[in-house]
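Okay, so here's the structure we're looking at.
In what follows, chains carry the letters A, B, and so on, assigned in the order in which the sequence lines appear, proteins first and then strands, with residues in each chain numbered from 1. What you see below is based on every heavy atom in this structure, not just the backbone, and it leaves out hydrogens, waters and symmetry mates.
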Protein chains: 2
Amino acid sequence: MTPAGQRVLDVASRLFYSDGINAVGVALVAETAGVTKKTLYDCFGSKRKLVVDYLRHRHEIWWSHLEQRLSGAVPPRTLTLVEAYLTHPDLHVNRGCAFLNAAAELPADHPGLDVIREHKKAVRTRLAELVAEDAPAVDSESVAEHIFLLIEGAIAHIGIDDHDNRAQQARQLAAALLNSGHGDR
Amino acid sequence: MTPAGQRVLDVASRLFYSDGINAVGVALVAETAGVTKKTLYDCFGSKRKLVVDYLRHRHEIWWSHLEQRLSGAVPPRTLTLVEAYLTHPDLHVNRGCAFLNAAAELPADHPGLDVIREHKKAVRTRLAELVAEDAPAVDSESVAEHIFLLIEGAIAHIGIDDHDNRAQQARQLAAALLNSGHGDR
DNA sequence: TTCTTAGTATACCGACCGGTGTGGTTACCA
DNA sequence: TGGTAACCACACCGGTCGGTATACTAAGAA
């Protein structure tokens with residue numbers, strides 16, 4: 001990827017997340033990135049593909065951040081994932097989940113929806129692995145799905161509700177689930 | 001409200017929910033409702049206000065449906081709310097939560113955001129009342145917040161994930177929480 | 001030295017955006 | 001009978017949408 005293309009992707013990531021995909025035009029993205037529309041279209045071809053690349057880029061950034069935190073974490077690493085999911089250095093914050101937001105405004109045939117589904121599936125899978133590590137005796141699959149609903153509910157309300165302790169609340173509930181010895185089934 | 005205005009609001013509710021607010025223009029709403037743009041603007045004044053009325057309308061429809069189901073329900077009525085939240089006759093379905101979706105694409109200064117916050121606050125309050133009814137011995141406030149996260153997580157994934165048993169999963173988890181005798185704190 | 005790559009600047013395209021204005025047609029109501 | 005409210009049809013506004021075309025420049029590689 002060329003330097004101009006990288007700048008476009010960075011700017012698009014920021015603007016699409018903060019203002020919404022449909023509300024941000026390609027002209028604004030190009031201008032903010034200090035690039036002509038011609039260059040933007042030479043690099044990405046269409047806005048749809050730029051959106052797909054935005055979602056992929058966002059996933060890769062967060063995923064590498066997650067694995068980095070996990071590699072130096074002590075058990076229960078499930079809570080490390082919960083923390084990484086709900087707080088991130090200048091990513092994933094103040095406007096909730098970029099993937100849920102995108103899913104809310106993309107048309108049904110948009111290829112970005114596949115990226116969103118893959119992202120959520122990857123999170124669920126990784127979460128299930130970590131729960132199996134931390135609580136092997138219990139029905140870890142059920143607990144993982146329980147925690148997944150908790151963190152999705154929490155992240156969906158970042159930027160909507162006033163009280164921002166929902167992240168910590170989800171973390172505490174997840175911790176209690178890991179220690180409860182059963183899955184609340 | 002005049003018949004034409006009612007038709008506009010009904011059509012707008014359907015289109016805004018299914019295709020997204022920013023993706024649906026006023027011309028399409030007017031045309032689908034069999035109404036001229038002039039009439040639409042005589043009734044609502046601006047698209048912003050139409051959006052606000054859409055959200056209010058949606059809240060009122062769902063709320064009256066909820067109270068109707070609650071009035072004829074046997075304990076635990078908490079589960080009645082969970083069911084009403086995640087399944088509704090031709091409302092609230094197949095595209096997740098209209099309020100979360102709207103929050104994802106509205107600009108920060110849009111008056112509709114206040115309607116969204118009030119809706120979610122009302123749900124939380126009503127849920128807390130019902131949990132206090134069903135499980136008075138436990139820390140009902142904490143359990144209510146726990147269940148709230150569960151149903152928000154479940155509704156946020158309607159229309160995204162393939163497996164649609166998430167609603168039933170959230171219901172079962174909520175039932176287990178009510179019976180667990182503690183709040184998993 | 002020539003050819004390619006990665007850019008720049010700018011103008012343009014048809015279509016659609018939210019919103020307004022004019023004028024005419026019903027129907028009901030005082 | 002006159003007025004008013006609730007519509008219709010239609011034309012128009014400035015602005016923005018995603019996307020394209022033309023022409024030019026600087027740098028690096030063959």
Side-chain angles (χ1 to χ4, degrees), chain A residues 1-57 101-102 104-113 115, chain B residues 1-57 101-102 104-113 115:
Chain A
M1 170 152 306
T2 68
Q6 191 65 54
R7 258 182 295 148
V8 167
L9 189 54
D10 290 342
V11 165
S13 293
R14 180 161 46 88
L15 293 182
F16 285 162
Y17 177 68
S18 64
D19 298 336
I21 292 170
N22 290 332
V24 172
V26 289
L28 177 62
V29 172
E31 187 187 1
T32 307
V35 152
T36 61
K37 280 173 65 178
K38 174 77 159 53
T39 298
L40 187 149
Y41 275 91
D42 285 345
C43 290
F44 296 95
S46 69
K47 186 181 179 180
R48 283 171 85 95
K49 190 174 169 300
L50 177 59
V51 169
V52 170
D53 286 2
Y54 150 62
L55 292 170
R56 274 206 253 265
H57 180 238
N101 292 351
E105 61 174 336
L106 291 184
D109 65 338
H110 197 288
L113 292 178
V115 182
Chain B
M1 171 153 302
T2 68
Q6 191 64 54
R7 257 182 296 148
V8 168
L9 189 54
D10 289 343
V11 165
S13 292
R14 179 161 47 90
L15 293 181
F16 284 161
Y17 177 69
S18 63
D19 297 336
I21 293 170
N22 290 332
V24 172
V26 288
L28 177 62
V29 172
E31 187 188 0
T32 307
V35 152
T36 60
K37 280 173 63 179
K38 178 72 161 52
T39 299
L40 187 151
Y41 274 91
D42 285 345
C43 289
F44 297 96
S46 70
K47 185 180 181 180
R48 284 171 84 96
K49 190 174 170 299
L50 177 60
V51 169
V52 170
D53 286 3
Y54 151 61
L55 293 170
R56 274 205 254 267
H57 181 239
N101 292 351
E105 62 174 335
L106 291 184
D109 65 337
H110 198 287
L113 293 177
V115 182

To the nearest Å, how far apart are [X] [atom1] and [N] [atom2]?
X	N	atom1	atom2	value
B/Lys49	C/dG19	NZ	P	13 Å
A/Phe44	C/dG7	CZ	P	10 Å
A/Asn22	C/dC17	CG	P	12 Å
A/Leu28	D/dG19	CG	C1'	16 Å
A/Lys47	D/dT16	NZ	C1'	11 Å
B/Asp42	C/dG19	CG	P	14 Å
B/Arg7	D/dA6	CZ	C1'	11 Å
A/Lys38	C/dA11	NZ	C1'	14 Å

Atom of [X], atom of [Y] and distance for their closest heavy-atom approach:
X	Y	answer
A/Gly112	A/Leu55	O-CD1, 3.6 Å
A/Ser13	A/His57	OG-ND1, 3.3 Å
A/Ala104	B/Asn101	CB-OD1, 3.5 Å

> Between A/Thr2 and C/dG7, is there a side-chain N or O to OP1/OP2 distance below 4.0 Å?
Replying inline: yes
>> Between B/Arg14 and B/Asp10, does the side-chain contact (heavy atoms from CB on, under 4.5 Å) criterion hold? Intermediate values first, please.
In response: CA-CA 6 Å; B/Arg14 179 161 47 90; B/Asp10 289 343; over 6 Å; no
> Nearest to the side chain of A/Val26 - C/dC17, D/dG18, C/dA9?
Replying inline: D/dG18
>> By nearest atom, which of the nucleotides D/dG19, D/dT22, C/dG19 is closest to the B/Tyr41 side chain?
In response: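 Nearest to the side-chain atoms of B/Tyr41, counting from C-beta on, is C/dG19.
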> So what does A/Thr39 touch, heavy atoms closer than 4.0 Å: a base, only the sugar-phosphate, or nothing?
Replying inline: base
>> By the 4.0 Å heavy-atom rule, please label B/Val24 as base, sugar-phosphate, or nothing.
In response: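 The residue B/Val24 makes sugar-phosphate contact but no base contact.
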> With nearest nucleotides of DNA chain C determined for A/Lys37 and A/Cys43 from heavy-atom distances, which residue corresponds to the more 5′ nucleotide?
Replying inline: A/Cys43
